[in-house]
Amino acid sequence: MEQIEATVDSTVFRSEESSYSVLSVKIGKREHTVVGALPMLSPGEQAVFTGVWVEHPRFGRQFKAERVEVKKPTTLLGIERYLGSGLIRGIGPSTARAIVSVFGEETLEMLSEHPERLQEVPGMGKKRWKQVAENFKEQNAQRDALIFLQSYGLTSTLAVKVAKQYGERTREVVQHNPYQLCRDIDGVGFQTADRIAMALGLPQQSPYRIQAALKYVLQDAAAGQGHIYLPREDMIRRASVLLGLENEACERELDALTIARDITRRTGEDGQERVYLPAYERAEREVALRLCELLAAHAAQRQLGTEMAIEGFERANSIRFSPRQKEAIAAALDNGVLVITGGPGTGKTTIINCILYLLHSLGTVLLCAPTGRAAKRMSEATGYEAKTIHRLLEFGGEDGSFARNADHPLETDCVIVDETSMVDLMLMRSLLSAIEPGTRLILVGDSDQLPSVGAGNVLADILASGVVPSAHLTDIFRQSEASRIVVNAHRINRGEMPLLNEKGTDFFFERCTVPSAAASTIVSLAASRLPRYIGCSPQNRMRDIQVLAPQKKGDCGVLALNALLQEELNPPAKEKPCLQWGETTFRLGDKVMQTKNDYDLAWQKCHSTADEHGQGVFNGDVGFVVDVDAEERELTVRFDDDRDAVYDSESLENLDLAYALSVHKSQGSEFPVVVMPVVGGPPMLLTRNLFYTALTRARQLVVLVGREEVIRQMVENNHIARRYTSLAAQLAQTARMLMPEVEE
């Protein structure tokens, strides 16, 4: 980090929302540009900026500031320029001159300590002096808060968030209990709050500190590893390591949190004590209860005429179902809830189409999936409208919640959910809350894929409970037997090596022993070789060809591949405006992905005849940059379902390039062509189910680039990281209470 002391010359750009600023400053007689999320600075002010010099591809050399220390003006001219700069509403150049002429060098001290003396200024009426005093106080408070927070190591972006949350109370809140920031501010983790606390001199044994660490451990386990709870011993161990304290101190505060109901403790069927965040524990109970209510309201009963109706569908579509597929179709009509699972080529989509055909005589059906891409694919496969779960539940409103819930349920006779393996616990709870008993629910998915990104292991737990009827499809449809993608996916799932480089197939392997060479090969494949091979136009190659990587770092990681692919597929040009966010350059035409749920981000349909708009863009949504406003520092992304969302400096933090995606982020999507590096990496990432998930994203062609031994390692590595969840046990327990026949 470097420091520069400069005089502010002018503000070139400033976002009121995020405080991102572009300043023109002078160091001596030389002009420079300073950028960053900064407090409002006025011309003539002296400031010390801490940060680094960067080279912007369009605007040249800039100083990217992380912190700023403002020096108040001391000369009469400096004070006058500061007050008259427009920084304080109600004071223009002439008013500033009048104030300084009355109070001289004591002007700023007077405004802070005795603002009522503004009445001494000629022409300053009672109403106006109060307004000026209030505006000065507000501006000073925000600036002081930002400088105070940055002095404790917060980045300017994070400091802006904190200052907006607490306003004038910022210093008071942070000094009293900096760990409150973990709870109130998105982006402030325990380590950040702990760094502030240590700098403030709070004792290591502070109850605030220990309790915050205990809750953070649970939150981090949910967000990072998908756990719904942690065994008590595991939680205490993690917290003790984080805090650098003995277990006893954590034990005491765990009891205090339990009494305050900030955490919940339950004893599992194995006799082990489990520690939950209350929201997750309640969610598991609600999901179990609602599933059992749906089952109980639709007592299993064979529908008359089902076999004849299935035969009619077979004749109309010139297909023949296997006995197991027929059983699955009949079970969907006979039960209140059914789970249908199976790998690629086993006919899940055809079965859904038959179920839709049969259910039309029984009532209305709603189709949904967790992501926009999965919903779009479902619509194309069935011919019926499918929505994302968020859209189905009518997410939005000022409070950012679902309009469809227990008080305002979905008006339908059946709900079919595709890609259920992606649905996390909280989303499943919201969906089930909006489904009335008596409504059929059909959950479709592949239980061998990776679990949801969010906390929980819902599909696997429902199957493990044995409570919900299920149909597991294993037979590959005849038309899918020719696809080596389908055959190899099933081989990998059985622990067998895939068949590589057979002539005339859709599955290829290109040997590259060095990761950097593999990365170059992947770029060449995506840019020219594969588009020629599949007859894809240059305009569509970014849509049709998707690179998936097992990990983020390394020569063949998501980050490095995105940089290489962007440079090759969408290079800089005069007609392509761009925006710099951190280390990422966003350019007109870039392929991008939303990396975190943003419930407030507004969107509107670009091709809709009606004025269709809403809010909420979600983790995993993929689109293209269709407009860049460099002056306003905004860009517009058009997502797959033709929604346009405008990103400002604040919301850009949740946007990433998507030329290459992690396998986890690709869940629920399907691409004509998938290219994947197999060059080695941490064993915890190179697993069989990750490999299987990646291959099943491809529709027409798979190309692996790397080493055979890495493919073998992935096939043989059947390690599945355990998620601590208790939904299966909760389902079994709830079923015994509501449906005693289950126990029999």
Side-chain angles (χ1 to χ4, degrees), residues 283-304 306 309 328-341 348 351-370 374-375 378-379 382 384-395 401-420 422-423 425-445 458-459 461-463 465 467-471 727 730-731 734-735 737-739 741-742:
E284 279 198 333
R285 281 193 284 113
E286 287 180 31
V287 167
L289 177 62
R290 292 189 179 277
L291 283 172
C292 288
E293 286 176 340
L294 290 173
L295 280 169
H298 243 295
Q301 181 178 349
R302 174 67 65 180
Q303 297 287 325
L304 298 176
T306 299
I329 295 166
L333 274 68
D334 298 343
N335 297 279
V337 185
L338 177 71
V339 179
I340 300 174
T341 68
K348 295 192 299 294
I351 283 176
I352 292 175
N353 282 328
C354 185
I355 291 169
L356 286 167
Y357 171 80
L358 299 179
L359 285 177
H360 269 246
S361 61
L362 300 176
T364 58
V365 183
L366 294 175
L367 307 181
C368 64
M378 196 180 189
S379 295
T382 63
Y384 291 90
E385 182 186 18
K387 298 180 178 180
T388 64
I389 296 174
H390 283 83
R391 282 194 66 205
L392 183 73
L393 300 180
E394 298 174 20
F395 174 84
S401 61
F402 293 114
R404 294 290 182 172
N405 49 42
D407 297 324
H408 187 210
L410 294 166
E411 297 166 9
T412 186
D413 298 292
C414 178
V415 176
I416 301 179
V417 187
D418 199 10
E419 295 285 359
T420 309
M422 291 184 64
V423 181
L425 179 68
M426 292 308 197
L427 187 55
M428 181 59 78
R429 180 188 64 172
S430 297
L431 176 62
L432 292 175
S433 295
I435 299 177
E436 284 189 298
T439 305
R440 282 186 176 85
L441 175 64
I442 300 169
L443 304 174
V444 184
V458 175
L459 181 61
D461 284 351
I462 291 174
L463 290 168
S465 72
V467 170
V468 177
S470 63
L727 178 59
Q730 190 69 54
L731 259 170
T734 306
M737 291 189 297
L738 292 185
M739 301 177 291
E741 66 273 11
V742 170

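Numbers here simply count residues along the sequence, with the first being 1.
The shortest side-chain heavy-atom distance between D413 and L359 does not fall under the 4.5 Å cut-off. Considering only heavy atoms from C-beta on, L393 comes within 4.5 Å of L431 through its side chain. Using a 4.5 Å heavy-atom cutoff, the side chains of T734 and R285 are not in contact. Side-chain contact between F402 and L392: absent, with no pair of heavy atoms (C-beta onward) separated by less than 4.5 Å. At a threshold of 4.5 Å between non-hydrogen side-chain atoms, the residues R404 and E411 count as touching. By the 4.5 Å heavy-atom criterion applied to side chains, V337 and L294 are counted as neighbours. Residues C414 and L356 form no side-chain contact, since every pair of their non-hydrogen atoms from C-beta on lies 4.5 Å or further apart. Looking at heavy atoms from C-beta onward, M378 lies in side-chain contact with I416 at the 4.5 angstrom threshold.
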Next item on the list: Given side-chain contact (heavy atoms from CB on, under 4.5 Å), test L731 with I462 step by step and report yes or no.
Entry: CA-CA 8 Å; L731 259 170; I462 291 174; 4.1 Å; yes
Next item on the list: Go through the steps for T420 and M428 under the test side-chain contact (heavy atoms from CB on, under 4.5 Å), then give the verdict.
Entry: CA-CA 9 Å; T420 309; M428 181 59 78; 4.0 Å; yes
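Here the rule is side-chain contact (heavy atoms from CB on, under 4.5 Å) with I340, and of D418, I355, L443 only I355 fits it. Only one option out of I442, L432, L410 pairs with V415 in a side-chain contact (heavy atoms from CB on, under 4.5 Å); it is L410.
Side chain of S470 to main chain of V339: no donor-acceptor pair is present (N/O by atom type, distance under 3.5 Å, no hydrogens or angles). Using a distance-only test at 3.5 Å, with no hydrogens or angles considered, a donor-acceptor pair links the side chain of R440 to the main chain of L333. A distance-only check finds no donor-acceptor pair linking the side chain of H390 to the backbone of F395 [under 3.5 Å]. The main-chain N or O of E385 is never found under 3.5 Å from a side-chain atom of S379 such that the two would form a donor-acceptor pair.
Note that CD1 of I435 and CG of N405 are 12.5 Å apart. Values are rounded to the nearest 0.5 Å. Note that CD1 of I329 and CG of D334 are 11.5 Å apart. Values are rounded to the nearest 0.5 Å. For the atom pair CG of L441 and OG1 of T439, the computed distance is 9.0 Å after rounding to the nearest 0.5 Å.
Residue S433 comes nearest to E286 through the heavy atom pair OG-OE1, 4.4 Å, listed as atom of the first residue, atom of the second, then distance. Between A375 and A386, the closest heavy-atom pair is O-CB, 3.4 Å. Between N335 and P469 the shortest heavy-atom distance is OD1-CG, 3.6 Å. The two atoms that bring I389 and C368 nearest to each other are CG1-SG, 3.9 Å, heavy atoms only. When every heavy atom of A328 is checked against every heavy atom of I351, the shortest pair comes out as CB-CD1, 4.3 Å. Across T388 and P370, no two heavy atoms sit closer than the pair CB-O, 4.4 Å.
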